[in-house]
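Below: the structure, in structure tokens.
Hydrogens, waters and symmetry mates are skipped; everything else that's a heavy atom, side chains included, is used.
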Amino acid sequence: KVVASYERSLIETEEGRKYLEKRGITDTGLFSRNRIGYANGRLKELLPKEGPIWNELKTIGVILENGAERFKDCVVFPVYDCDGGITTIYARYIGDGPKRHLFLPDRSTGLWNAIAMKTFSEIILVESVIDALSVMMAGHQNVIAIQGTNGLSDADIALLKTHGVQTVKLLLDGD
């Protein structure tokens, strides 16, 4: 429900779309296929101020202890496992300041677009979701974001092998 709220916000407000367009991500089909959203900070207005939903969102880290929304002013990207279940949320802060990359706490950052390994025998690994979307904009859907320079684990490599990936191309930043 949170992801759906963020999806609606991306459609209804222009801040998130402008950020993506500035980064060269303009295909609205990519937005909907990947359930990309924008956290405008109004989630708490849509929810009851107490009760099981509020408590659950605090427990998983969407709502902070002070009642603020973790991903406010962020473009939001759900991260799915190979079977299509949401494992975490990655968010890219679009304002000024020190915070840029946010995840739900106490969870793996996951492989973004991991389902690609079930379809393609050749995978392009990139560092970030924005990098992956840029590669998709260029016409290559066989891309997975490893979520940072330390994002690829031995378990992820084993998962690639399990799903029959034969070739991995690295398209990483200089760091």
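Nearest heavy atom pair, residue A132 against residue A145, reads CB-CB, 4.1 Å. Closest non-hydrogen pair, R35 versus A4, comes out as NH2-N, 3.7 Å. Closest approach of T109 and T88 over heavy atoms only: O-CG2, 3.6 Å. Contact between S5 and L46 at its shortest, heavy atoms only, is OG-CD1, 3.5 Å. Heavy-atom minimum distance, L159 versus C82: CD2-SG, 3.8 Å.
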**Study point:** Check against side-chain contact (heavy atoms from CB on, under 4.5 Å), I146 and L172
**Key:** CA-CA 10 Å; I146 61 172; L172 304 173; 4.2 Å; yes

Check your understanding: Passes side-chain contact (heavy atoms from CB on, under 4.5 Å), K118 versus D83? Steps please.
Key -> CA-CA 9 Å; K118 291 178 88 171; D83 297 319; 3.1 Å; yes

Practice item. Starting from the C-alpha separation in whole Å, work towards a yes-or-no answer on side chain to side chain donor-acceptor pair (under 3.5 Å) for S9 and N40. Key: CA-CA 7 Å; S9 180; N40 60 6; 3.1 Å; yes

Check your understanding: Taking it one step at a time, do D173 and D131 satisfy side-chain contact (heavy atoms from CB on, under 4.5 Å)?
Key -> CA-CA 9 Å; D173 300 347; D131 295 338; 3.8 Å; yes

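Remark: N113 CG to L125 CG distance equals 11.0 Å, nearest 0.5 Å. Here the straight-line distance linking atom CZ of R92 with atom OG of S128 works out to 8.5 Å at 0.5 Å rounding. Here the straight-line distance linking atom CE of M117 with atom CD1 of I144 works out to 4.0 Å at 0.5 Å rounding. Of the inter-residue distances, the one linking E122 atom CD with Q166 atom CD reads 10.5 Å to the nearest 0.5 angstrom. Put simply, OH on Y93 and NZ on K72 are 7.5 Å apart, with the number rounded to the nearest 0.5 Å. Rounded to the nearest 0.5 Å, atoms OH (Y90) and CH2 (W112) are 11.0 Å apart.
Judged as a side-chain contact (heavy atoms from CB on, under 4.5 Å), and not counting sequence neighbours, the contacts of E14 are R17, K18. For D27, the side-chain contact (heavy atoms from CB on, under 4.5 Å) criterion is met by L30, R33, M137, not counting sequence neighbours. Legend: residues meeting side-chain contact (heavy atoms from CB on, under 4.5 Å) with N66, ordered by chain and number and at least two apart, are L64, A68. For T119, the side-chain contact (heavy atoms from CB on, under 4.5 Å) test picks out no residue, with sequence neighbours left out.
L152 and F103 are assigned to two separate hydrophobic clusters, defined by single-linkage of ILVMFWY side chains at heavy-atom distances under 4.5 Å. Note on M136 and V129: same hydrophobic cluster, where clusters join Ile, Leu, Val, Met, Phe, Trp and Tyr whose side-chain heavy atoms are under 4.5 Å apart, directly or indirectly. Hydrophobic clustering, with ILVMFWY side chains joined whenever heavy atoms are under 4.5 angstrom apart, groups L170 together with V165. If you chain together hydrophobic residues whose side chains sit under 4.5 Å apart, V135 and I130 fall into the same group. Residues L111 and F77 fall into different hydrophobic clusters, defined by Ile, Leu, Val, Met, Phe, Trp and Tyr side chains chained together at heavy-atom separations under 4.5 Å.
In this structure the side chain of Q147 reaches within 4.5 angstrom of the side chain of V79, judged on heavy atoms. No side-chain heavy atom of I36 sits under 4.5 Å from any side-chain heavy atom of I25. Contact of the D73 side chain with the Y19 side chain is not registered, since no non-hydrogen atoms from C-beta on lie closer than 4.5 Å.
T13 contributes no side-chain N or O that, together with a main-chain N or O of L10, makes up a donor-acceptor pair within less than 3.5 Å. Remark: side-chain polar atoms of T28 are not paired, donor with acceptor, to backbone N or O of F31 under 3.5 angstrom.
Applying the 6.0 Å contact sphere to NZ of K169 captures no more than 12 heavy atoms from other residues, nucleotides or ligands.
Apart from I60 itself, the hydrophobic cluster it occupies contains V2, V3, Y6, L43, L47, I53, W54, L57, V62, I63, F71, V76, Y80, I86, I89, L102, L104, where clustering links Ile, Leu, Val, Met, Phe, Trp and Tyr at side-chain heavy-atom distances under 4.5 Å.
Contacts classified as side-chain hydrogen bond (donor to acceptor under 3.5 Å, both in side chains) and involving residues 132-143 (residues at least two apart or in different chains) are not found.
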